[in-house]
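Every chain is numbered from 1 and lettered A, B, ... according to where its sequence line falls, protein lines coming before strand lines.
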Protein chains: 2
Amino acid sequence: MAHHDLQTVSHECGDCPIRHRAVCARCESDELQRLEQIKYYRSYQAGQTVIWSGDRMDFVASVVTGIATLTQTMEDGRRQMVGLLLPSDFVGRPGRPTAAYDVTATTDLVMCCFRKKPFEEMMTSTPHIAQRLLEMTLDELDAAREWMLLLGRKTAREKIASLLAIIARRDAHLKLKSAKGAIVFDLPLTREEMADYLGLTLETVSRQVSALKRDGVIELEGKRHIIVPDFDRLIEETGDDNDGGFLV
Amino acid sequence: MAHHDLQTVSHECGDCPIRHRAVCARCESDELQRLEQIKYYRSYQAGQTVIWSGDRMDFVASVVTGIATLTQTMEDGRRQMVGLLLPSDFVGRPGRPTAAYDVTATTDLVMCCFRKKPFEEMMTSTPHIAQRLLEMTLDELDAAREWMLLLGRKTAREKIASLLAIIARRDAHLKLKSAKGAIVFDLPLTREEMADYLGLTLETVSRQVSALKRDGVIELEGKRHIIVPDFDRLIEETGDDNDGGFLV
DNA sequence: CGTCGATTTGATGCGCGTCAACTTGAGTGG
DNA sequence: CCACTCAAGTTGACGCGCATCAAATCGACG
(Lines give C-alpha, C1' and ligand atoms only; values in the text may rest on other atoms or scores of the structure.)
Protein backbone atom coordinates (compact mmCIF):
# COMPACT_ATOMS: atom_id res chain seq x y z
CA MET A 1 0.00 0.00 0.00
CA ALA A 2 3.03 2.24 -0.41
CA HIS A 3 1.74 4.28 -3.30
CA HIS A 4 -1.05 4.36 -5.81
CA ASP A 5 -0.47 3.82 -9.48
CA LEU A 6 -0.21 7.26 -10.94
CA GLN A 7 -1.37 6.06 -14.33
CA THR A 8 -4.81 5.41 -12.93
CA VAL A 9 -5.30 9.13 -12.35
CA SER A 10 -7.07 10.67 -15.26
CA HIS A 11 -5.26 13.50 -16.99
CA GLU A 12 -8.38 14.49 -18.84
CA CYS A 13 -10.43 17.14 -17.07
CA GLY A 14 -13.53 15.72 -18.68
CA ASP A 15 -13.62 12.61 -16.53
CA CYS A 16 -11.85 13.99 -13.48
CA PRO A 17 -13.45 12.76 -10.23
CA ILE A 18 -13.68 16.26 -8.80
CA ARG A 19 -14.76 17.91 -12.05
CA HIS A 20 -18.06 19.26 -10.73
CA ARG A 21 -16.98 20.27 -7.23
CA ALA A 22 -13.51 21.77 -7.58
CA VAL A 23 -12.44 25.27 -8.50
CA CYS A 24 -12.95 24.37 -12.15
CA ALA A 25 -16.56 23.30 -11.60
CA ARG A 26 -18.14 26.07 -13.62
CA CYS A 27 -15.66 26.14 -16.48
CA GLU A 28 -16.81 25.63 -20.04
CA SER A 29 -14.92 23.24 -22.27
CA ASP A 30 -12.77 25.97 -23.81
CA GLU A 31 -11.83 27.20 -20.34
CA LEU A 32 -10.97 23.66 -19.33
CA GLN A 33 -8.65 23.44 -22.30
CA ARG A 34 -6.76 26.47 -21.06
CA LEU A 35 -6.57 24.97 -17.59
CA GLU A 36 -5.25 21.72 -19.03
CA GLN A 37 -2.26 23.62 -20.34
CA ILE A 38 -1.15 24.94 -16.98
CA LYS A 39 -1.96 21.98 -14.80
CA TYR A 40 0.13 19.05 -13.65
CA TYR A 41 -0.35 16.31 -11.09
CA ARG A 42 1.72 15.70 -8.01
CA SER A 43 1.52 12.73 -5.66
CA TYR A 44 2.53 12.43 -2.03
CA GLN A 45 2.73 9.47 0.28
CA ALA A 46 0.88 9.38 3.57
CA GLY A 47 2.80 11.41 6.13
CA GLN A 48 4.73 13.46 3.60
CA THR A 49 4.85 17.23 3.89
CA VAL A 50 3.51 19.03 0.85
CA ILE A 51 4.87 22.42 1.86
CA TRP A 52 6.10 24.23 4.96
CA SER A 53 4.63 27.44 6.25
CA GLY A 54 6.65 30.38 4.97
CA ASP A 55 8.05 28.51 1.98
CA ARG A 56 7.76 29.96 -1.47
CA MET A 57 4.72 28.48 -3.23
CA ASP A 58 4.55 28.88 -6.97
CA PHE A 59 1.38 26.89 -7.50
CA VAL A 60 -2.15 26.53 -6.29
CA ALA A 61 -3.91 23.17 -6.38
CA SER A 62 -6.99 21.04 -5.93
CA VAL A 63 -7.00 17.86 -3.89
CA VAL A 64 -7.97 15.08 -6.31
CA THR A 65 -7.77 12.03 -4.04
CA GLY A 66 -6.68 11.58 -0.44
CA ILE A 67 -6.67 13.92 2.52
CA ALA A 68 -4.36 16.77 3.47
CA THR A 69 -4.22 19.00 6.51
CA LEU A 70 -3.35 22.64 7.21
CA THR A 71 -1.51 23.17 10.48
CA GLN A 72 -0.14 26.12 12.43
CA THR A 73 2.69 25.68 14.91
CA MET A 74 3.76 27.99 17.74
CA GLU A 75 7.41 28.43 18.54
CA ASP A 76 7.19 26.19 21.60
CA GLY A 77 5.67 23.39 19.55
CA ARG A 78 1.97 23.75 20.25
CA ARG A 79 0.09 22.79 17.11
CA GLN A 80 -3.39 23.55 15.83
CA MET A 81 -4.86 22.10 12.69
CA VAL A 82 -6.82 24.79 10.88
CA GLY A 83 -8.06 22.89 7.86
CA LEU A 84 -8.90 19.39 6.69
CA LEU A 85 -8.63 19.21 2.92
CA LEU A 86 -10.78 16.64 1.15
CA PRO A 87 -11.06 15.83 -2.54
CA SER A 88 -12.03 18.95 -4.51
CA ASP A 89 -10.76 21.33 -1.82
CA PHE A 90 -8.46 24.12 -2.88
CA VAL A 91 -4.92 24.74 -1.62
CA GLY A 92 -3.03 28.00 -1.76
CA ARG A 93 -3.94 31.60 -2.14
CA PRO A 94 -3.80 33.56 -5.37
CA GLY A 95 -1.77 36.70 -4.90
CA ARG A 96 0.32 35.42 -2.02
CA PRO A 97 3.89 34.28 -2.68
CA THR A 98 4.41 32.00 0.33
CA ALA A 99 2.49 29.29 2.16
CA ALA A 100 0.74 30.46 5.34
CA TYR A 101 0.40 26.98 6.85
CA ASP A 102 2.10 23.63 6.89
CA VAL A 103 0.35 21.35 4.40
CA THR A 104 0.67 17.63 5.08
CA ALA A 105 -0.64 14.52 3.35
CA THR A 106 -2.35 12.35 5.98
CA THR A 107 -3.21 9.70 3.43
CA ASP A 108 -1.69 9.07 0.04
CA LEU A 109 -2.54 12.19 -1.87
CA VAL A 110 -2.89 13.35 -5.46
CA MET A 111 -3.17 17.04 -6.22
CA CYS A 112 -3.96 18.82 -9.45
CA CYS A 113 -1.59 21.78 -9.46
CA PHE A 114 -1.76 24.97 -11.49
CA ARG A 115 1.22 27.22 -11.98
CA LYS A 116 0.31 30.29 -10.01
CA LYS A 117 1.07 33.06 -12.44
CA PRO A 118 -1.00 31.69 -15.33
CA PHE A 119 -3.75 30.71 -12.89
CA GLU A 120 -3.97 34.25 -11.57
CA GLU A 121 -4.19 35.54 -15.11
CA MET A 122 -7.00 33.12 -15.86
CA MET A 123 -8.80 34.27 -12.72
CA THR A 124 -9.04 37.80 -14.01
CA SER A 125 -9.87 36.79 -17.57
CA THR A 126 -12.42 34.04 -16.88
CA PRO A 127 -14.93 34.97 -14.17
CA HIS A 128 -16.11 31.37 -13.80
CA ILE A 129 -13.00 30.47 -11.86
CA ALA A 130 -13.06 33.48 -9.56
CA GLN A 131 -16.77 32.97 -8.94
CA ARG A 132 -16.32 29.36 -7.96
CA LEU A 133 -13.30 30.17 -5.81
CA LEU A 134 -15.31 32.82 -3.96
CA GLU A 135 -18.08 30.33 -3.31
CA MET A 136 -15.62 27.74 -2.01
CA THR A 137 -13.84 30.30 0.16
CA LEU A 138 -17.13 31.43 1.71
CA ASP A 139 -17.91 27.79 2.50
CA GLU A 140 -14.51 27.38 4.12
CA LEU A 141 -15.05 30.51 6.15
CA ASP A 142 -18.32 29.09 7.45
CA ALA A 143 -16.56 25.84 8.30
CA ALA A 144 -13.80 27.72 10.10
CA ARG A 145 -16.37 29.62 12.15
CA GLU A 146 -18.19 26.42 13.02
CA TRP A 147 -14.85 25.11 14.20
CA MET A 148 -14.28 28.23 16.30
CA LEU A 149 -17.43 27.37 18.26
CA LEU A 150 -16.13 23.84 18.76
CA LEU A 151 -12.68 24.99 19.89
CA GLY A 152 -13.95 27.73 22.16
CA ARG A 153 -16.97 26.22 23.80
CA LYS A 154 -17.38 22.47 23.38
CA THR A 155 -16.31 19.80 25.87
CA ALA A 156 -13.83 17.11 24.92
CA ARG A 157 -16.62 14.59 24.48
CA GLU A 158 -18.60 16.95 22.26
CA LYS A 159 -15.50 17.69 20.22
CA ILE A 160 -14.88 14.02 19.51
CA ALA A 161 -18.52 13.40 18.66
CA SER A 162 -18.51 16.42 16.34
CA LEU A 163 -15.42 15.24 14.49
CA LEU A 164 -16.80 11.72 14.09
CA ALA A 165 -20.10 13.12 12.84
CA ILE A 166 -18.34 15.25 10.25
CA ILE A 167 -16.25 12.36 8.96
CA ALA A 168 -19.24 10.04 9.00
CA ARG A 169 -21.33 12.54 7.07
CA ARG A 170 -18.61 13.14 4.50
CA ASP A 171 -18.09 9.43 4.09
CA ALA A 172 -21.80 8.80 3.62
CA HIS A 173 -21.79 11.60 1.10
CA LEU A 174 -18.96 10.07 -0.92
CA LYS A 175 -20.69 6.70 -0.87
CA LEU A 176 -23.97 8.37 -1.79
CA LYS A 177 -25.66 6.94 1.25
CA SER A 178 -27.91 8.89 3.55
CA ALA A 179 -26.38 9.62 6.93
CA LYS A 180 -29.08 7.78 8.87
CA GLY A 181 -29.09 4.54 10.81
CA ALA A 182 -25.87 2.53 10.99
CA ILE A 183 -22.76 4.00 9.44
CA VAL A 184 -19.33 2.46 9.04
CA PHE A 185 -16.13 4.23 8.17
CA ASP A 186 -12.38 4.40 8.74
CA LEU A 187 -10.74 7.25 10.60
CA PRO A 188 -8.31 9.01 8.29
CA LEU A 189 -6.51 10.61 11.24
CA THR A 190 -4.27 9.37 14.02
CA ARG A 191 -5.18 10.17 17.62
CA GLU A 192 -2.55 12.89 17.59
CA GLU A 193 -3.94 14.45 14.42
CA MET A 194 -7.41 14.35 15.92
CA ALA A 195 -6.01 16.08 19.00
CA ASP A 196 -4.37 18.77 16.87
CA TYR A 197 -7.64 19.37 15.10
CA LEU A 198 -9.74 19.50 18.27
CA GLY A 199 -7.44 21.47 20.53
CA LEU A 200 -6.92 18.51 22.87
CA THR A 201 -4.13 16.14 23.82
CA LEU A 202 -3.91 12.70 22.26
CA GLU A 203 -4.53 11.13 25.67
CA THR A 204 -7.81 12.97 26.08
CA VAL A 205 -8.83 11.96 22.56
CA SER A 206 -8.11 8.34 23.38
CA ARG A 207 -10.05 8.50 26.63
CA GLN A 208 -13.10 10.12 25.08
CA VAL A 209 -13.16 7.68 22.19
CA SER A 210 -13.08 4.88 24.75
CA ALA A 211 -15.86 6.57 26.70
CA LEU A 212 -18.08 6.87 23.62
CA LYS A 213 -17.41 3.21 22.94
CA ARG A 214 -18.20 2.26 26.54
CA ASP A 215 -21.46 4.19 26.31
CA GLY A 216 -22.48 2.45 23.11
CA VAL A 217 -22.41 5.56 20.95
CA ILE A 218 -19.80 3.99 18.70
CA GLU A 219 -18.22 0.57 18.19
CA LEU A 220 -14.60 -0.05 17.29
CA GLU A 221 -12.93 -2.71 15.15
CA GLY A 222 -9.24 -2.21 15.50
CA LYS A 223 -8.16 1.34 16.21
CA ARG A 224 -9.42 3.09 13.14
CA HIS A 225 -12.57 1.29 11.97
CA ILE A 226 -15.67 2.95 13.43
CA ILE A 227 -19.25 1.73 13.52
CA VAL A 228 -21.99 4.19 14.42
CA PRO A 229 -25.12 2.15 15.20
CA ASP A 230 -27.36 5.21 15.60
CA PHE A 231 -26.30 8.39 13.88
CA ASP A 232 -28.87 10.53 15.68
CA ARG A 233 -27.45 9.38 18.99
CA LEU A 234 -24.01 10.55 17.86
CA ILE A 235 -25.47 13.91 16.84
CA GLU A 236 -26.95 14.32 20.31
CA GLU A 237 -23.48 13.98 21.73
CA THR A 238 -22.11 16.82 19.60
CA GLY A 239 -24.07 19.47 21.51
CA ASP A 240 -25.40 20.90 18.23
CA ASP A 241 -29.06 21.71 18.13
CA ASN A 242 -29.78 20.82 14.54
CA ASP A 243 -28.51 17.78 12.68
CA GLY A 244 -25.67 19.40 11.09
CA GLY A 245 -23.40 21.80 9.71
CA PHE A 246 -22.16 22.63 6.32
CA LEU A 247 -18.77 21.01 6.67
CA VAL A 248 -19.76 18.60 3.88
CA MET B 1 -23.57 60.05 23.43
CA ALA B 2 -26.73 58.14 22.63
CA HIS B 3 -26.47 58.27 18.85
CA HIS B 4 -24.44 59.94 16.17
CA ASP B 5 -25.90 62.53 13.88
CA LEU B 6 -26.86 60.64 10.80
CA GLN B 7 -26.50 63.68 8.61
CA THR B 8 -22.77 63.66 9.15
CA VAL B 9 -22.48 60.42 7.24
CA SER B 10 -21.67 61.08 3.65
CA HIS B 11 -24.05 59.68 1.09
CA GLU B 12 -21.58 60.25 -1.69
CA CYS B 13 -19.39 57.22 -2.42
CA GLY B 14 -16.65 59.57 -3.53
CA ASP B 15 -15.78 60.78 -0.05
CA CYS B 16 -16.90 57.71 1.89
CA PRO B 17 -14.46 56.92 4.74
CA ILE B 18 -14.19 53.26 3.68
CA ARG B 19 -14.06 53.98 -0.02
CA HIS B 20 -10.67 52.37 -0.62
CA ARG B 21 -10.96 49.40 1.72
CA ALA B 22 -14.51 48.12 1.38
CA VAL B 23 -16.04 45.76 -1.15
CA CYS B 24 -16.35 48.70 -3.54
CA ALA B 25 -12.65 49.53 -3.33
CA ARG B 26 -11.82 48.63 -6.93
CA CYS B 27 -14.90 50.07 -8.56
CA GLU B 28 -14.58 52.69 -11.26
CA SER B 29 -16.77 55.77 -11.07
CA ASP B 30 -19.42 54.33 -13.39
CA GLU B 31 -19.61 51.22 -11.23
CA LEU B 32 -19.92 53.39 -8.13
CA GLN B 33 -22.84 55.13 -9.72
CA ARG B 34 -24.62 51.83 -10.15
CA LEU B 35 -23.87 50.95 -6.53
CA GLU B 36 -25.23 54.30 -5.37
CA GLN B 37 -28.59 53.32 -6.80
CA ILE B 38 -28.97 50.15 -4.74
CA LYS B 39 -27.42 51.32 -1.51
CA TYR B 40 -28.94 52.81 1.63
CA TYR B 41 -27.62 53.53 5.12
CA ARG B 42 -28.84 52.01 8.34
CA SER B 43 -27.85 53.02 11.86
CA TYR B 44 -27.93 51.02 15.05
CA GLN B 45 -27.34 52.00 18.64
CA ALA B 46 -24.75 50.27 20.77
CA GLY B 47 -26.17 46.97 21.99
CA GLN B 48 -28.80 46.67 19.29
CA THR B 49 -29.16 43.46 17.32
CA VAL B 50 -28.74 43.92 13.59
CA ILE B 51 -30.09 40.50 12.67
CA TRP B 52 -30.69 37.13 14.28
CA SER B 53 -29.21 33.88 13.02
CA GLY B 54 -31.71 32.15 10.79
CA ASP B 55 -33.63 35.30 9.93
CA ARG B 56 -34.29 36.22 6.35
CA MET B 57 -31.67 38.68 5.14
CA ASP B 58 -32.42 40.60 1.98
CA PHE B 59 -29.33 42.76 1.99
CA VAL B 60 -25.58 42.63 2.28
CA ALA B 61 -23.64 45.51 3.79
CA SER B 62 -20.37 47.19 4.66
CA VAL B 63 -19.62 48.53 8.11
CA VAL B 64 -19.03 52.27 7.67
CA THR B 65 -18.42 53.35 11.27
CA GLY B 66 -18.60 51.48 14.56
CA ILE B 67 -18.09 47.86 15.44
CA ALA B 68 -20.31 44.82 15.05
CA THR B 69 -19.90 41.20 16.09
CA LEU B 70 -20.85 37.81 14.68
CA THR B 71 -21.90 35.30 17.34
CA GLN B 72 -22.99 31.67 17.44
CA THR B 73 -25.08 30.32 20.29
CA MET B 74 -25.62 26.72 21.36
CA GLU B 75 -28.99 25.57 22.64
CA ASP B 76 -27.84 25.59 26.25
CA GLY B 77 -26.65 29.18 25.93
CA ARG B 78 -22.94 28.78 25.37
CA ARG B 79 -21.83 31.56 23.06
CA GLN B 80 -18.83 31.98 20.78
CA MET B 81 -18.06 35.11 18.86
CA VAL B 82 -16.80 34.21 15.40
CA GLY B 83 -16.17 37.60 13.90
CA LEU B 84 -15.38 41.17 14.86
CA LEU B 85 -16.52 43.54 12.14
CA LEU B 86 -14.67 46.81 11.81
CA PRO B 87 -15.21 49.70 9.39
CA SER B 88 -14.98 48.44 5.77
CA ASP B 89 -15.76 44.82 6.74
CA PHE B 90 -18.47 43.03 4.82
CA VAL B 91 -21.64 41.51 6.27
CA GLY B 92 -23.76 38.82 4.68
CA ARG B 93 -23.26 36.22 2.05
CA PRO B 94 -24.33 36.57 -1.56
CA GLY B 95 -26.43 33.60 -2.57
CA ARG B 96 -27.67 32.77 0.89
CA PRO B 97 -31.18 33.76 1.93
CA THR B 98 -30.78 33.77 5.72
CA ALA B 99 -28.27 34.99 8.28
CA ALA B 100 -25.90 32.34 9.59
CA TYR B 101 -24.94 34.23 12.75
CA ASP B 102 -26.30 36.77 15.19
CA VAL B 103 -25.02 40.21 14.18
CA THR B 104 -24.86 42.77 16.99
CA ALA B 105 -23.75 46.38 17.19
CA THR B 106 -21.30 46.72 20.09
CA THR B 107 -20.86 50.41 19.48
CA ASP B 108 -23.10 52.81 17.63
CA LEU B 109 -22.98 51.51 14.10
CA VAL B 110 -23.59 52.73 10.58
CA MET B 111 -23.81 50.25 7.73
CA CYS B 112 -23.96 50.81 4.01
CA CYS B 113 -26.51 48.25 2.81
CA PHE B 114 -27.07 46.91 -0.68
CA ARG B 115 -30.26 45.17 -1.68
CA LYS B 116 -29.15 41.62 -2.21
CA LYS B 117 -30.69 40.79 -5.55
CA PRO B 118 -29.25 43.77 -7.45
CA PHE B 119 -25.94 43.32 -5.66
CA GLU B 120 -25.71 39.73 -6.80
CA GLU B 121 -26.43 40.81 -10.33
CA MET B 122 -23.70 43.42 -10.13
CA MET B 123 -21.30 40.78 -8.85
CA THR B 124 -21.66 38.75 -12.02
CA SER B 125 -21.62 41.74 -14.33
CA THR B 126 -18.78 43.75 -12.77
CA PRO B 127 -15.77 41.59 -11.86
CA HIS B 128 -14.26 44.33 -9.71
CA ILE B 129 -16.74 43.67 -6.94
CA ALA B 130 -16.37 39.89 -6.98
CA GLN B 131 -12.58 40.23 -7.08
CA ARG B 132 -12.49 42.50 -4.08
CA LEU B 133 -14.97 40.33 -2.19
CA LEU B 134 -12.80 37.28 -2.83
CA GLU B 135 -9.77 39.09 -1.52
CA MET B 136 -11.63 40.20 1.61
CA THR B 137 -13.04 36.73 2.19
CA LEU B 138 -9.59 35.18 1.92
CA ASP B 139 -8.35 37.68 4.50
CA GLU B 140 -11.22 36.79 6.81
CA LEU B 141 -10.47 33.10 6.39
CA ASP B 142 -6.88 33.73 7.43
CA ALA B 143 -8.10 35.70 10.43
CA ALA B 144 -10.49 32.89 11.37
CA ARG B 145 -7.66 30.36 11.20
CA GLU B 146 -5.44 32.57 13.31
CA TRP B 147 -8.29 32.64 15.80
CA MET B 148 -8.56 28.85 15.72
CA LEU B 149 -4.97 28.65 16.96
CA LEU B 150 -5.82 31.07 19.74
CA LEU B 151 -8.96 29.21 20.78
CA GLY B 152 -7.42 25.76 20.59
CA ARG B 153 -3.97 26.26 22.00
CA LYS B 154 -3.36 29.54 23.79
CA THR B 155 -3.56 30.12 27.54
CA ALA B 156 -6.00 32.64 29.01
CA ARG B 157 -3.20 35.17 29.48
CA GLU B 158 -2.02 34.75 25.90
CA LYS B 159 -5.57 35.10 24.66
CA ILE B 160 -6.05 38.42 26.42
CA ALA B 161 -2.70 39.71 25.22
CA SER B 162 -3.52 38.66 21.66
CA LEU B 163 -6.86 40.44 21.69
CA LEU B 164 -5.35 43.61 23.13
CA ALA B 165 -2.58 43.50 20.53
CA ILE B 166 -5.09 43.17 17.71
CA ILE B 167 -7.20 46.06 18.94
CA ALA B 168 -4.11 48.18 19.60
CA ARG B 169 -2.76 47.48 16.13
CA ARG B 170 -6.05 48.28 14.46
CA ASP B 171 -6.36 51.46 16.46
CA ALA B 172 -2.85 52.56 15.57
CA HIS B 173 -3.69 51.80 11.98
CA LEU B 174 -6.79 53.99 12.02
CA LYS B 175 -4.83 56.80 13.62
CA LEU B 176 -2.01 56.29 11.12
CA LYS B 177 0.48 55.75 13.89
CA SER B 178 3.04 53.01 13.94
CA ALA B 179 2.33 50.29 16.47
CA LYS B 180 5.54 50.86 18.40
CA GLY B 181 6.30 52.35 21.78
CA ALA B 182 3.41 53.60 23.91
CA ILE B 183 -0.12 53.05 22.61
CA VAL B 184 -3.39 54.25 24.06
CA PHE B 185 -6.86 53.07 23.13
CA ASP B 186 -10.34 52.28 24.41
CA LEU B 187 -11.69 48.76 24.57
CA PRO B 188 -14.74 48.50 22.35
CA LEU B 189 -15.89 45.31 24.11
CA THR B 190 -17.28 44.48 27.54
CA ARG B 191 -15.56 41.79 29.60
CA GLU B 192 -18.33 39.41 28.65
CA GLU B 193 -17.90 40.14 24.94
CA MET B 194 -14.16 39.63 25.29
CA ALA B 195 -14.91 36.31 26.99
CA ASP B 196 -17.23 35.27 24.17
CA TYR B 197 -14.57 36.11 21.65
CA LEU B 198 -11.76 34.33 23.50
CA GLY B 199 -13.60 31.20 24.62
CA LEU B 200 -13.28 32.13 28.30
CA THR B 201 -15.56 33.26 31.13
CA LEU B 202 -15.86 36.91 32.00
CA GLU B 203 -14.29 36.25 35.40
CA THR B 204 -11.20 34.78 33.82
CA VAL B 205 -10.98 37.76 31.46
CA SER B 206 -11.16 40.14 34.39
CA ARG B 207 -8.53 38.25 36.34
CA GLN B 208 -6.09 38.11 33.43
CA VAL B 209 -6.53 41.79 32.63
CA SER B 210 -5.75 42.51 36.27
CA ALA B 211 -2.71 40.24 36.08
CA LEU B 212 -1.36 42.01 33.00
CA LYS B 213 -1.86 45.30 34.80
CA ARG B 214 -0.14 44.01 37.95
CA ASP B 215 2.80 42.86 35.80
CA GLY B 216 3.11 46.24 34.14
CA VAL B 217 2.26 45.00 30.64
CA ILE B 218 -0.69 47.38 30.48
CA GLU B 219 -2.07 50.28 32.51
CA LEU B 220 -5.74 51.02 33.09
CA GLU B 221 -7.64 54.27 33.39
CA GLY B 222 -11.18 53.38 34.28
CA LYS B 223 -12.38 50.02 33.00
CA ARG B 224 -12.02 50.52 29.29
CA HIS B 225 -9.13 52.89 28.66
CA ILE B 226 -5.91 50.97 28.05
CA ILE B 227 -2.33 52.19 27.96
CA VAL B 228 0.35 49.93 26.53
CA PRO B 229 3.71 51.36 27.57
CA ASP B 230 5.73 48.85 25.53
CA PHE B 231 4.04 47.21 22.60
CA ASP B 232 6.81 44.66 22.06
CA ARG B 233 6.34 43.50 25.64
CA LEU B 234 2.65 42.95 24.94
CA ILE B 235 3.53 40.97 21.82
CA GLU B 236 5.79 38.72 23.86
CA GLU B 237 2.81 37.86 26.02
CA THR B 238 0.74 36.70 23.04
CA GLY B 239 2.87 33.61 22.47
CA ASP B 240 3.24 34.50 18.79
CA ASP B 241 6.69 34.19 17.34
CA ASN B 242 6.57 37.07 14.90
CA ASP B 243 5.17 40.50 15.60
CA GLY B 244 1.92 39.95 14.10
CA GLY B 245 -0.76 38.63 12.12
CA PHE B 246 -2.86 39.84 9.35
CA LEU B 247 -5.91 40.60 11.47
CA VAL B 248 -5.83 44.21 10.30
C1' DC C 1 -28.21 59.28 47.64
C1' DG C 2 -30.04 55.04 45.66
C1' DT C 3 -30.06 51.77 42.00
C1' DC C 4 -28.39 48.68 38.76
C1' DG C 5 -25.31 46.88 35.38
C1' DA C 6 -20.36 46.17 34.82
C1' DT C 7 -16.41 44.61 36.93
C1' DT C 8 -13.44 42.74 40.42
C1' DT C 9 -12.07 39.49 43.74
C1' DG C 10 -12.36 35.27 46.53
C1' DA C 11 -13.22 30.25 47.46
C1' DT C 12 -13.76 25.91 45.60
C1' DG C 13 -14.14 22.14 42.25
C1' DC C 14 -13.60 19.74 38.02
C1' DG C 15 -12.07 18.82 33.26
C1' DC C 16 -8.40 18.21 30.89
C1' DG C 17 -3.19 18.34 30.62
C1' DT C 18 1.00 16.08 32.03
C1' DC C 19 3.89 12.33 33.05
C1' DA C 20 4.47 7.60 32.95
C1' DA C 21 3.70 2.71 32.25
C1' DC C 22 1.57 -0.65 29.67
C1' DT C 23 -0.80 -2.90 25.48
C1' DT C 24 -1.60 -3.64 20.71
C1' DG C 25 -0.52 -4.64 16.16
C1' DA C 26 2.01 -4.33 11.96
C1' DG C 27 6.42 -4.97 9.93
C1' DT C 28 11.16 -7.21 9.88
C1' DG C 29 14.54 -10.43 9.72
C1' DG C 30 16.59 -14.65 11.45
C1' DC D 1 7.13 -19.05 11.85
C1' DC D 2 8.40 -16.78 15.65
C1' DA D 3 11.07 -13.44 18.41
C1' DC D 4 12.10 -8.58 18.04
C1' DT D 5 11.13 -3.78 17.25
C1' DC D 6 8.78 0.35 17.17
C1' DA D 7 5.04 3.45 16.33
C1' DA D 8 0.26 3.96 17.70
C1' DG D 9 -2.87 3.72 21.13
C1' DT D 10 -4.60 2.88 25.96
C1' DT D 11 -4.89 3.54 30.76
C1' DG D 12 -3.70 5.32 35.38
C1' DA D 13 -2.14 8.83 38.85
C1' DC D 14 -1.81 13.39 39.78
C1' DG D 15 -1.82 18.48 39.30
C1' DC D 16 -3.04 22.84 37.36
C1' DG D 17 -5.75 26.18 34.83
C1' DC D 18 -9.84 27.73 34.22
C1' DA D 19 -15.00 27.34 35.32
C1' DT D 20 -18.33 27.92 38.76
C1' DC D 21 -20.59 29.99 42.52
C1' DA D 22 -20.70 33.85 45.52
C1' DA D 23 -19.93 38.36 47.36
C1' DA D 24 -18.01 42.88 47.21
C1' DT D 25 -16.90 47.19 44.65
C1' DC D 26 -17.12 50.57 41.08
C1' DG D 27 -19.34 53.91 38.29
C1' DA D 28 -22.93 56.02 35.59
C1' DC D 29 -27.35 57.90 35.88
C1' DG D 30 -31.85 59.18 37.81
| said: Nearest to the B/Lys223 side chain among D/dT20, C/dT7, D/dT10, which nucleotide is it? | reply: C/dT7
| said: Assess whether a salt bridge exists between B/Arg233 and B/Glu237, defined as any Lys/Arg side-chain N lying under 4.0 Å from an Asp/Glu carboxylate O. | reply: yes
| field | Any N/O donor-acceptor pair, A/Arg207 side-chain to C/dT18 base, under 3.5 Å | value | yes
| task | Answer with base, sugar-phosphate or nothing: what part of the nucleic acid does A/Thr190 contact at a heavy-atom distance below 4.0 Å? | result | sugar-phosphate
| query | Contact class for A/Gly199 (heavy atom, under 4.0 Å): base, sugar-phosphate, or nothing? | reply | sugar-phosphate
| request: Starting at atom CZ of B/Arg191, determine the distance to atom P of D/dC26, rounded to an integer number of angstrom. | output: 15 Å
| Polar side-chain contact B/Glu203-D/dC21 base: donor and acceptor under 3.5 Å | yes
| B/Met194 has an atom CE; how far is it from atom P of C/dT7, in whole Å? | 9 Å
| note | When rounded to whole Å, the CG to C1' distance for the pair B/Leu151 and D/dC18 reads 15 Å
| said: What's the closest nucleotide to the side chain of B/Thr201 if the choices are D/dC18, C/dT8, D/dA19? | reply: D/dA19
| query | Does A/Thr204 have a side-chain nitrogen or oxygen under 4.0 Å from the phosphate oxygens OP1 or OP2 of C/dC16? | reply | no
| Looking at B/Ile51 and B/Arg56, what are the two nearest heavy atoms and their distance? | CD1-O, 3.5 Å
| query | Counting only N and O atoms by type, is there a donor-acceptor contact under 3.5 Å from the side chain of B/Ser53 to the main-chain atoms of B/Ala100? | reply | yes
| field | A/Leu198 CG to C/dG15 P, straight-line distance once rounded to whole Å | value | 18 Å
| task | Check every strand shown and say whether A/Arg153 touches a base, only sugar-phosphate, or nothing at a heavy-atom separation below 4.0 Å. | result | nothing
| task | Determine the contact category for B/Leu200: base if any of its heavy atoms lies under 4.0 Å from a base atom, sugar-phosphate if only primed atoms, P, OP1 or OP2 are that close, otherwise nothing. | result | sugar-phosphate
| field | Rounded distance (Å) that lies between atom P of C/dC16 and atom CG of A/Leu150 | value | 12 Å
| message | Without decimals, in angstroms, what is the distance between A/Glu192 CD and D/dT10 C1'? | response | 15 Å
| Name of the residue among A/Arg153, A/Arg145, A/Glu146 meeting side-chain contact (heavy atoms from CB on, under 4.5 Å) with B/Gln80 | A/Arg153
| task | Name the closest nucleotide to the A/Thr155 side chain, picking from C/dC16, D/dA22, C/dA20. | result | C/dC16
| A/Lys213 NZ to C/dT24 C1', straight-line distance once rounded to whole Å | 12 Å
| query | Does OP1 or OP2 of D/dT11 have a side-chain N or O of A/Ser206 closer than 4.0 Å? | reply | no
| message | Just to be sure I understand the rule, does B/Arg224 reach a base, reach only the sugar-phosphate, or reach nothing, if contact means heavy atoms closer than 4.0 Å? | response | sugar-phosphate
| CZ of A/Arg157 versus P of C/dG15: gap in Å, rounded? | 12 Å
| field | A/Ala156 vs B/Val209, nearer the 5' end of DNA chain C by closest nucleotide | value | B/Val209
| Is a side-chain donor or acceptor of B/Asp89 paired with a backbone partner of B/Leu86 at a separation under 3.5 angstrom? | yes
| field | N-O pairing of B/Asp240 and B/Lys154 below 4.0 Å | value | yes
